[in-house]
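Residue numbers begin at 1 in each chain, while the letters A, B, ... track the order of the sequences.
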Amino acid sequence: MEHRRRSKIADLLKSKDFGIELLVKGWVRTKREKKNFAFIELNDGSTVKSIQIFADYFVLEKNLFSQNTLDNSLDPESYNTIINYLKPVTTGSCIAVKGILVESVGQGQSVEIRANHIEIYGTADPESYPLQKKGHGLEFLREIAHLRPRTNTFGAVLRIRHAMAFAIHKYFNDNGFYYIHTPIITGSDAEGAGAMFRVTTLDDRNPPLLPDGHLDYTQDFFGKETKLTVSGQLEAELGAMALSLVYTFGPTFRAENSNTPRHLAEFWMIEPEMAFYDINDNMDLAEDFVKYLMQYALDHCPDDLEFLNKMYDNELIDRLKGVVSSRFKRLTYTQAIEILQASGQTFEFPVDWGADLQAEHERYLVEKHFGKPVILTDYPRDIKAFYMKQNPDGKTVRGMDVLFPKIGEIIGGSQREENLDALRNRIHEMNIPEKDVWWYLDTRKFGTAPHAGFGLGFERLILFVTGMANIRDVIPFPRTPKNAEF
RNA sequence: UCCUCCUUAGCUCAGUUGGUUAGAGCAUCUGACUGUUAAUCAGAGGGUCGCAAGUUCAAGUCUUGCAGGGGGAGCCA
């Protein structure tokens, strides 16, 4: 088959260019064979929808094998030739089709392609190809993550994931933010966001040891102990102290033994950091940002959202629209405690000022009491990180958590402590060695500025936007405890 | 890491108080069919019942251990 620009199925399904020969390439979802022709559903990933190929055996045999014949019917030998040629066109195989776009004679689709030529790029043995034209369970698909992008569900999820990544960059770019690349390998273990993966090139059989038996990291690649980052925040703050508005968007690693539908060991996080923002500016940005992303999905991914709405979560689109049109409820931790204590609900965990809110408490506030996203602020200082801005009351800090229905905490952030003495005191109280964060303290020593920022878990955003229930189904190749396949 | 449930054909599942040769739908294969669309119709093949041990005349079924998975909790994004 001659080389020619292929048409995308997404474009053809909306096209009215009937009668023109064109070229499509893609993967076969199913083939329905009849005596003299077959229907092939072809998908190229440009849309969740497939296009129907009408494959007339007489036309194909004439074009592919016996172009000089003038007969208008197939003799038995020619019939067998074309049947055998099309035999390997099965679910999962990859083909190129040259044909004419026509209005469909049959019901169920408006356009289809009458095939003139079919070239088979790659077969998929039906006896061993794991995907069938029937739907599969998500748990089974996780075991074949290398093939699951070929399903309608993961096609939709991956396209939405792409659209959200693009929209994040667009939002920040349009609002004057600069994308800053913070390191993935870090020598700092003061990020305080959980257990870290070690990065080393030391010989695992005969590592250099110190007299006390610990590894001698001075002989390691970087000459010191290094880990995979758990957050780009501290470095993003350095950028904000020069460019004013910055954000990071990169992979993040947590070596926690978390086995839940909301946690990954490797995930992507977006962390804007803004000079001259206080906690209220921070909340305004967070709310505007996530609403923008949901509106972007509604505007740019209607087919995929409709598919997911129909197959997995028939309240999905309504929920997205609801978030976009709602005003997030903002209240302090102390107010939340009062509401919970006055609720009359019996919780498994007690509600006491000073203790962190449990998932059941957050769920009550978001899903029962307010019925919309909630932003909680001003948490007790003892349950929050060292860098959060301390309030004058001496008891609380200007942290904020954005809580969403179904998925819980989607954003965590704070106004940062910009006062050098206050920050240094907090570091000492929490036994963080000053020598590990001297560069961070320098931002407060030289031209310090009030500033704020937050972290958005990308996969949790995708969970909410797609209506998927398990975070392992919104990232192509999930890394979780005991699972790093593919 | 804790609690709890699950593991039977390629997939989704049924399998009674322990009792002959372990079933269904879909998928696959063979055939039929002039417009199908989760096509339909007829027929066929397909099983170490997660692994290991134990109880019993007899275990898919009961017990214990291990592995893998789901849900909930904690940690957090």
Side-chain angles (χ1 to χ4, degrees), chain A residues 29-42 49-58 73 83 87 90-92 102 104-109 112 114 124-144 151-152 191-195 230-233 251-271 286 311 347-349 356-360 362-363 383-385 401-404 407-413 454-464 469-473 475 480-483 485:
Chain A
R29 285 295 162 76
T30 178
K31 178 175 66 170
R32 294 181 289 273
E33 289 177 301
K34 306 281 288 183
K35 185 169 178 63
N36 294 314
F37 48 84
F39 298 98
I40 299 165
E41 296 287 335
L42 197 67
K49 293 172 179 167
S50 297
I51 199 163
Q52 177 163 282
I53 310 293
F54 180 80
D56 185 294
Y57 299 154
F58 173 73
S73 65
I83 288 288
K87 188 152 282 182
T90 57
T91 299
V102 297
S104 178
V105 179
Q107 304 297 309
Q109 62 281 315
E112 66 188 17
R114 296 188 84 91
D125 174 23
E127 296 283 1
S128 53
Y129 183 62
L131 289 171
Q132 303 164 7
K133 59 180 164 186
K134 292 259 302 179
H136 293 88
L138 293 170
E139 292 152 28
F140 170 67
L141 292 176
R142 260 171 236 155
E143 296 169 8
I144 51 166
T151 63
N152 288 335
E191 289 163 351
V230 292
S231 166
Q233 179 199 318
T252 310
F253 307 88
R254 306 257 169 109
E256 303 285 352
N257 191 11
S258 296
N259 293 289
T260 85
R262 297 180 308 284
H263 290 85
L264 292 166
E266 176 183 286
F267 64 101
W268 290 68
M269 189 155 63
I270 299 97
E271 294 174 289
M311 300 301 290
F347 294 110
E348 185 184 347
F349 294 90
D356 214 350
L357 293 179
Q358 303 292 315
E360 58 174 343
E362 295 179 347
R363 212 176 302 120
I383 60 173
K384 287 295 183 183
D401 284 354
V402 180
L403 308 178
F404 262 43
I407 57 172
E409 185 180 342
I410 191 171
I411 283 175
F454 61 80
L456 167 72
F458 186 55
E459 283 75 18
R460 290 199 180 164
L461 171 79
I462 305 302
L463 266 185
F464 190 79
N470 193 310
I471 203 164
R472 295 164 194 145
D473 297 329
I475 188 169
T480 53
K482 301 275 187 287
N483 183 12
E485 191 67 48

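Centroid-to-centroid, the aromatic rings of A:Phe37 and A:Tyr57 stay 6.0 Å apart or farther. A ring-centre distance under 6.0 Å is not found for A:Phe267 and A:Phe458.
Between the side chain of A:Arg32 and the backbone N or O of A:Ala38 there is no donor-acceptor pair closer than 3.5 Å. One N or O on the side chain of A:Arg460 and one on the backbone of A:Arg262 form a donor-acceptor pair closer than 3.5 Å. A:Asp401 contributes no side-chain N or O that, together with a main-chain N or O of A:Leu403, makes up a donor-acceptor pair within less than 3.5 Å. Panel note: side chain A:Glu271, backbone A:Gly232; a donor-acceptor pair is recorded below 3.5 Å.
One can find a donor-acceptor pair under 3.5 Å joining the base of B:rG35 and the side-chain atoms of A:Glu112. Side-chain to base pairing of A:Ser258 with B:rC75: one donor and one acceptor N or O lie within less than 3.5 Å of each other. Between the side chain of A:Arg32 and the base of B:rC33 there is no donor-acceptor pair of N/O atoms closer than 3.5 Å. Applying the 3.5 Å distance criterion, the base of B:rU36 shares a donor-acceptor pair with the side chain of A:Gln52. A donor-acceptor contact under 3.5 Å links the side chain of A:His263 to the base of B:rC76.
Side-chain contact between A:Asn257 and A:Pro481 is present, with heavy atoms from C-beta onward closer than 4.5 Å. A heavy-atom distance below 4.5 Å is not found between the side chains of A:Asn152 and A:Met311.
As rounded to the nearest Å, B:rU48 and B:rC2 have P atoms that lie 33 Å from one another. B:rU64 and B:rU7 are spaced 16 Å apart, taking the P atom of each and rounding to whole Å. Nucleotides B:rG23 and B:rG45 place their C1' atoms 16 Å apart, quoted to the nearest Å. B:rU40 and B:rG25 have their P atoms separated by 13 Å, with the value rounded to a whole Å. Taking atom P on both B:rC51 and B:rG74, the two are 36 Å apart, rounded to the nearest angstrom. Remark: the separation of the C1' atoms in B:rC29 and B:rU17 is 41 Å, to the nearest Å. Nucleotides B:rG70 and B:rA59 are separated by 33 Å at their P atoms, to the nearest Å. Between the C1' atoms of B:rA22 and B:rA67, the separation comes to 25 Å (whole Å).
When both distances must be under 3.5 Å, the Watson-Crick or G-U wobble mate of B:rG71 is B:rC3. Figure legend. B:rA22 is base-paired to no nucleotide; pairs are counted as Watson-Crick or G-U wobble with both atom distances under 3.5 Å. Judged by Watson-Crick or G-U wobble contacts below 3.5 Å, the nucleotide B:rU63 has B:rA53 as its partner. Across all strands shown, B:rG35 remains unpaired; no Watson-Crick or G-U wobble contact has both distances below 3.5 Å. For B:rA27, there is no paired base (Watson-Crick or G-U wobble, both distances below 3.5 Å).
The NE2-C1' distance, from A:His136 to B:rG10, rounds to 8 Å in whole Å. Across the protein-nucleic acid pair, A:Arg254 atom CZ and B:rG74 atom P stand 17 Å apart, rounded to whole Å. Remark: C1' of B:rC6 and CZ of A:Phe140 are 18 Å apart, rounded to the nearest angstrom. Atom CZ of A:Phe347 is separated from atom P of B:rA73 by 13 Å (rounded to the nearest Å). Between the CD1 atom of A:Ile383 and the C1' atom of B:rC75 there is a distance of 13 Å, rounded to whole Å. The CG atom of A:Asn483 sits 14 Å away from the C1' atom of B:rA67 (whole-angstrom rounding). One can place CG of A:Asp401 at 12 Å from P of B:rC75, the figure rounded to the nearest angstrom. One interatomic measurement links the two molecules: CD of A:Glu41 to C1' of B:rA38, which rounds to 11 Å at whole-angstrom precision.
OP1 or OP2 of B:rG35 lies within a sub-4.0 Å distance of a side-chain N or O belonging to A:Lys34. For B:rG10, the OP1/OP2 oxygens have no side-chain nitrogen or oxygen of A:Gln132 closer than 4.0 Å.
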Under 3.5 Å, N/O pairs linking protein and nucleotides 70-72 of chain B:
{"from": "B:rG70", "atom 1": "OP1", "to": "A:Arg142", "atom 2": "NH1", "distance (Å)": "2.7"}
{"from": "B:rG70", "atom 1": "OP1", "to": "A:Arg472", "atom 2": "NH1", "distance (Å)": "2.8"}
{"from": "B:rG70", "atom 1": "OP2", "to": "A:Arg472", "atom 2": "NH1", "distance (Å)": "3.3"}
{"from": "B:rG71", "atom 1": "OP1", "to": "A:Asn470", "atom 2": "ND2", "distance (Å)": "3.3"}
{"from": "B:rG71", "atom 1": "OP2", "to": "A:Asn470", "atom 2": "ND2", "distance (Å)": "3.4"}

Under 3.5 Å, N/O pairs linking protein and nucleotides 46-48 of chain B:
none

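Taking only side-chain atoms of A:Ala359, from C-beta outward, the nucleotide of B:rU36, B:rU34, B:rA73 with the closest atom is B:rA73. Listed candidates were B:rC29, B:rA38, B:rA77. Nearest to the side chain of A:Pro126 is B:rC29. Comparing B:rG35, B:rC29, B:rC33 by their closest approach to the side chain of A:Lys35 singles out B:rC33. Here the side chain of A:Glu409 is nearest to one of B:rA77, B:rC33, B:rU36, namely B:rA77.
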Would A:Phe347 and A:Gln358 count as a side-chain contact (heavy atoms from CB on, under 4.5 Å) here? Give the steps. CA-CA 9 Å; A:Phe347 294 110; A:Gln358 303 292 315; over 6 Å; no

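The aromatic ring of A:Phe267 sits over the base of B:rA77, with ring centres less than 5.5 Å apart and planes tilted by under 30°. You can call A:Phe54 stacked on the base of B:rG35; the centres are under 5.5 Å apart and the planes sit within 30°.
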